[in-house]
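Only one structure is covered here, and it is reproduced in the block below.
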Protein chains: 4
Amino acid sequence: MTTTEAPPARGRPRDERTRVAILDAAAELMLENGVDKVSMDTIAVRAGASKATIYRWWPTKESLALDAVYRQWSAAQAEAEPSGSVRADLVALLTPWSRLAASKPYARVIAALLNAAQSNPDFAVQYRAHFVEPRRERGREILNAAVRDGQVPPDTDIELVLDLLYGPIYHRLLQGHATVDDRFVRGVVDVVCAGLGIS
Amino acid sequence: MTTTEAPPARGRPRDERTRVAILDAAAELMLENGVDKVSMDTIAVRAGASKATIYRWWPTKESLALDAVYRQWSAAQAEAEPSGSVRADLVALLTPWSRLAASKPYARVIAALLNAAQSNPDFAVQYRAHFVEPRRERGREILNAAVRDGQVPPDTDIELVLDLLYGPIYHRLLQGHATVDDRFVRGVVDVVCAGLGIS
Amino acid sequence: MTTTEAPPARGRPRDERTRVAILDAAAELMLENGVDKVSMDTIAVRAGASKATIYRWWPTKESLALDAVYRQWSAAQAEAEPSGSVRADLVALLTPWSRLAASKPYARVIAALLNAAQSNPDFAVQYRAHFVEPRRERGREILNAAVRDGQVPPDTDIELVLDLLYGPIYHRLLQGHATVDDRFVRGVVDVVCAGLGIS
Amino acid sequence: MTTTEAPPARGRPRDERTRVAILDAAAELMLENGVDKVSMDTIAVRAGASKATIYRWWPTKESLALDAVYRQWSAAQAEAEPSGSVRADLVALLTPWSRLAASKPYARVIAALLNAAQSNPDFAVQYRAHFVEPRRERGREILNAAVRDGQVPPDTDIELVLDLLYGPIYHRLLQGHATVDDRFVRGVVDVVCAGLGIS
DNA sequence: CGGTAATCGAGACGGTACGTCATGTCTTACA
DNA sequence: TGTAAGACATGACGTACCGTCTCGATTACCG
């Protein structure tokens with residue numbers, strides 16, 4: 001049984017340092033100024049790269065923004081141990097994430113990605129696959145385990161519960177009408193748990 | 001006590017038909033194509049107006065989008081009678097609104113406004129004053145009445161509850177990972193009411 | 001009898017100073033560096049104009065080069081009096097023109113126009129209408145007059161004679177294998193006149 | 001006196017088939033589309049060669065164009081026997097050459113070379129050494145022989161006569177205001193010979 | 001036969017200019 | 001004064017070439 005060999009890789013290989021420089025430059029500029037206010041030229045100059053090189057690997061500014069921010073985003077993820085308590089697990093899931101999201105002007109970038117996703121279904125898929133689904137999946141596991149344990153009734157609409165958990169946090173992040181802090185996250189989890197009949 | 005008379009109005013008065021034509025053209029084009037894909041030139045041509053006239057009354061494209069869409073939005077509002085049941089009142093508040101929001105590609109425009117608001121605090125205030133606060137205020141009244149009635153404990157964090165109600169719906173509208181229908185809205189209200197200890 | 005009135009001219013009129021600034025900048029830069037070595041951006045900056053404004057009035061760099069150089073070219077034209085002598089008239093026609101052509105690196109610009117004309121029939125027509133035909137026409141008049149006078153046989157192929165007069169001068173200008181001076185021009189006219197049987 | 005031996009030739013020798021493939025591809029593409037419209041990438045792909053290989057042997061696109069077209073050009077040359085008649089010898093010199101030049105869009109390539117030569121003295125030398133001098137030299141021989149024979153006065157300016165012969169043909173080829181056919185060539189030779197006092 | 005040296009194809013890369021498009025301001029004439 | 005028409009400066013866009021580079025593979029000579 002032979003593993004599929006990597007192809008011989010003809011031609012000059014992609015320069016990893018350039019790739020990283022572009023992503024770093026994009027992330028820094030976009031977080032500081034917002035995606036729309038940053039030009040591809042500026043990113044190219046900051047990265048010491050060529051605009052053509054950027055377009056060779058990222059078709060649009062938004063796809064670059066997604067990769068660039070996701071790089072920081074995913075680097076700052078820590079998995080928590082399941083504790084047996086649904087409430088505690090949900091708080092442990094949401095709190096670090098909400099702290100990260102509120103720690104820098106990520107909301108501005110998220111809003112830009114969201115905006116781009118509205119008119120581009122392919123990009124919407126990319127966006128959800130990176131920023132939405134992984135986090136929902138973790139929540140889904142916690143809730144499914146709770147159903148198996150009998151802590152939550154078996155006819156519970158898990159997807160609805162996930163929206164009840166993430167929706168309010170996104171709401172505050174994006175609309176900016178109030179701050180997102182640990183108290184708020186705990187409050188959301190408390191009401192939802194109470195609503196599901198969890199002690 | 002005299003009502004404040006309109007000022008003498010020197011020169012040619014503002015043309016109301018032009019104002020409406022601009023708003024209509026902007027709303028139609030932006031709903032169909034998304035705010036970013038529509039240029040001010042296109043709106044001007046469609047409205048039979050001059051670009052200078054548009055900029056005279058609206059400083060940015062987003063402020064025009066806000067006015068244009070809010071005009072349709074507010075025209076389609078109906079106030080429901082308070083029924084005595086918190087749950088029923090909340091459903092009566094959220095359902096027509098969620099139907100409206102999902103009836104056309106409003107989410108695309110909302111996302112654009114939200115995006116603009118991230119980098120422009122003044123516009124963020126405008127946005128919230130038009131699209132967020134009026135609806136929250138209606139919900140706030142319902143919940144405050146419930147507190148007065150004793151249906152809800154007096155230490156309830158009303159703002160958090162409002163986010164629990166609106167957040168999930170906005171979440172689905174913007175992220176597009178699932179549809180917003182009456183069942184979903186009722187589900188949200190059910191869990192939240194249960195969480196608050198409402199029968 | 002009413003002269004055809006110019007139409008009311010709606011909108012902001014074209015800025016004549018901008019037009020002249022663009023032509024001057026283009027002429028100066030192109031003569032100094034050659035058409036190909038000058039970028040539209042550079043011309044725009046030098047003219048204090050916008051690139052978009054240039055493209056609004058001139059579709060290609062070559063069409064701009066044509067207008068710009070023709071402006072200098074045509075300004076430096078002086079008409080000579082017919083003297084009765086074909087030879088003298090031809091010398092009087094060709095000498096000032098050849099001096100002008102050799103006075104600055106016009107040949108470099110002409111070569112660029114010629115090159116562009118090879119692949120663009122419409123531009124070729126423009127080029128000939130500006131740089132070739134007016135001068136040929138003057139020569140044609142002289143030669144036709146000579147035919148009427150009987151100085152030249154009536155079956156003379158005028159167009160061929162014109163090519164015999166202009167061809168050698170263009171040849172030296174473009175190929176650069178020898179200089180174009182008054183002696184050369186007179187020599188060309190002498191041989192051609194002798195070939196036509198003119199005393 | 002020893003002929004300088006080729007050096008021992010270390011390393012892999014140059015691939016002759018590649019050289020020919022590049023020249024063929026360049027000639028075909030440039031004649032069909034014009035030098036400026038053809039990119040080095042396109043030539044490389046058509047030739048099945050690498051762009052780096054092209055640049056290794058030809059410093060600029062124009063130098064490649066020169067080699068590529070000269071290859072066809074020189075392959076189609078036939079030497080005519082001296083006949084004793086100057087007029088006949090000149091016609092025999094110019095006619096096959098003018099036929100060749102007019103047989104394909106060579107003028108377009110010539111114009112590009114000429115254009116490049118205007119801004120690059122070294123290339124101008126190359127151009128003349130390939131396309132101008134060999135032909136002039138043949139004409140020079142004919143005319144010098146005519147001087148020796150006494151058919152032409154000894155004080156004749158041979159270079160001027162050469163320009164009178166080649167200039168008009170180049171003029172029509174490049175300016176395109178009239179066709180170059182055998183009649184035209186014979187007409188040029190006739191007038192020039194008459195001008196020189198040749199029967 | 002193994003090492004050294006050059007050539008070659010593939011293709012990534014930095015850079016420059018292109019020609020287009022949208023924004024927001026302006027200048028004119030008309031209402 | 002308000003407005004339509006439309007010119008204009010500004011600046012970003014996304015593309016196309018240029019000429020250089022870095023690989024791995026190839027092909028000769030040379031020891």
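Just so it is clear: chains get the letters A, B, ... in the order the sequence lines come, proteins before strands, and each one is counted from 1.
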Original post:
Counting side-chain heavy atoms from C-beta on, which of F/dA9, E/dT23, F/dC13 comes nearest to B/Asp41?
Top reply: E/dT23
Subject >> 5′-ward residue of the pair C/Asp15/B/Glu16 relative to DNA chain F >> reply: B/Glu16
Subject >> C/Trp58 CH2 - E/dC18 P separation (whole Å) >> reply: 15 Å
**OP:** Pick base, sugar-phosphate or nothing for D/Trp57, based on heavy-atom distances below 4.0 Å to the nucleic acid.
**Re:** sugar-phosphate
Original post:
Is the phosphate of E/dG9, meaning OP1 or OP2, less than 4.0 Å from a side-chain N or O of D/Thr18?
Top reply: yes
Original post:
Within this structure, what is the CG-to-P distance between B/Asn33 and E/dC21, rounded to whole angstrom?
Top reply: 16 Å
**OP:** Round to the nearest Å and state the distance from A/Lys37 atom NZ to F/dC13 atom P.
**Re:** 14 Å
**OP:** Provide, to the nearest angstrom, the distance between the CG atom belonging to A/Leu64 and the P atom belonging to F/dA12.
**Re:** 16 Å
Subject >> E/dA12 OP1/OP2 closer than 4.0 Å to side-chain N/O of A/Thr53 >> reply: no
**OP:** Establish, yes or no, whether the cationic atom of B/Arg19 lies under 6.0 Å from the six-membered ring centre of B/Trp57 and within 45° of the ring axis.
**Re:** no
Original post:
Rounding to a whole Å, what distance do you find between D/Ile43:CD1 and E/dC8:P?
Top reply: 16 Å
Original post:
Side chains of B/Phe123 and B/Leu113: closer than 4.5 Å at any heavy-atom pair?
Top reply: yes
Subject >> d(CZ, C/Arg56; C1', F/dA7) in whole Å >> reply: 6 Å
**OP:** Between C/Gly11 and A/Ser39, name the one whose nearest nucleotide on DNA chain F is closer to the 5' end.
**Re:** C/Gly11
Original post:
Does the base of E/dG19 carry an N or O that pairs as donor and acceptor with the side chain of C/Lys51 under 3.5 Å?
Top reply: yes
**OP:** Provide, to the nearest angstrom, the distance between the CZ atom belonging to A/Arg17 and the C1' atom belonging to E/dG14.
**Re:** 13 Å
Subject >> Residue whose closest nucleotide on DNA chain E lies nearer the 5' end, A/Ala49 versus B/Met40 >> reply: A/Ala49
Subject >> C/Glu32 with C/Lys37: basic N within carboxylate O range, under 4.0 Å >> reply: no
Original post:
Quick one: C/Arg46 CZ to E/dA17 C1', roughly how many Å, whole number?
Top reply: 18 Å
**OP:** For B/Lys61, report the nucleic acid contact type (base, sugar-phosphate, nothing); a contact means any heavy atom under 4.0 Å.
**Re:** sugar-phosphate
Original post:
Ignoring hydrogens and angles, are the base of E/dC13 and the side chain of A/Arg12 linked by a donor-acceptor pair under 3.5 Å?
Top reply: no
Original post:
Has the side chain of A/Ser50 got a donor or acceptor atom sitting under 3.5 Å from an opposite partner on the base of E/dG15?
Top reply: yes
Original post:
Is it true that a side-chain atom of B/Ser63 and a backbone atom of B/Thr60 form a donor plus acceptor pair closer than 3.5 Å?
Top reply: yes
**OP:** May I ask you to decide whether D/Arg71 forms a salt bridge with D/Asp24, counting only side-chain N to carboxylate O separations under 4.0 Å?
**Re:** yes
Original post:
What is the nucleic acid contact for C/Ala44, judged by heavy atoms within less than 4.0 Å: base, sugar-phosphate only, or nothing?
Top reply: nothing
Subject >> Test item: B/Arg108 side-chain N/O and B/Leu31 main-chain N/O as donor-acceptor pair under 3.5 Å >> reply: yes
**OP:** Taking only the side-chain heavy atoms of B/Tyr55 (C-beta and beyond), determine which of F/dC23, E/dT23, E/dA10 contains the nearest atom.
**Re:** E/dT23
Original post:
With nearest nucleotides of DNA chain E determined for A/Pro13 and C/Thr60 from heavy-atom distances, which residue corresponds to the more 5′ nucleotide?
Top reply: A/Pro13
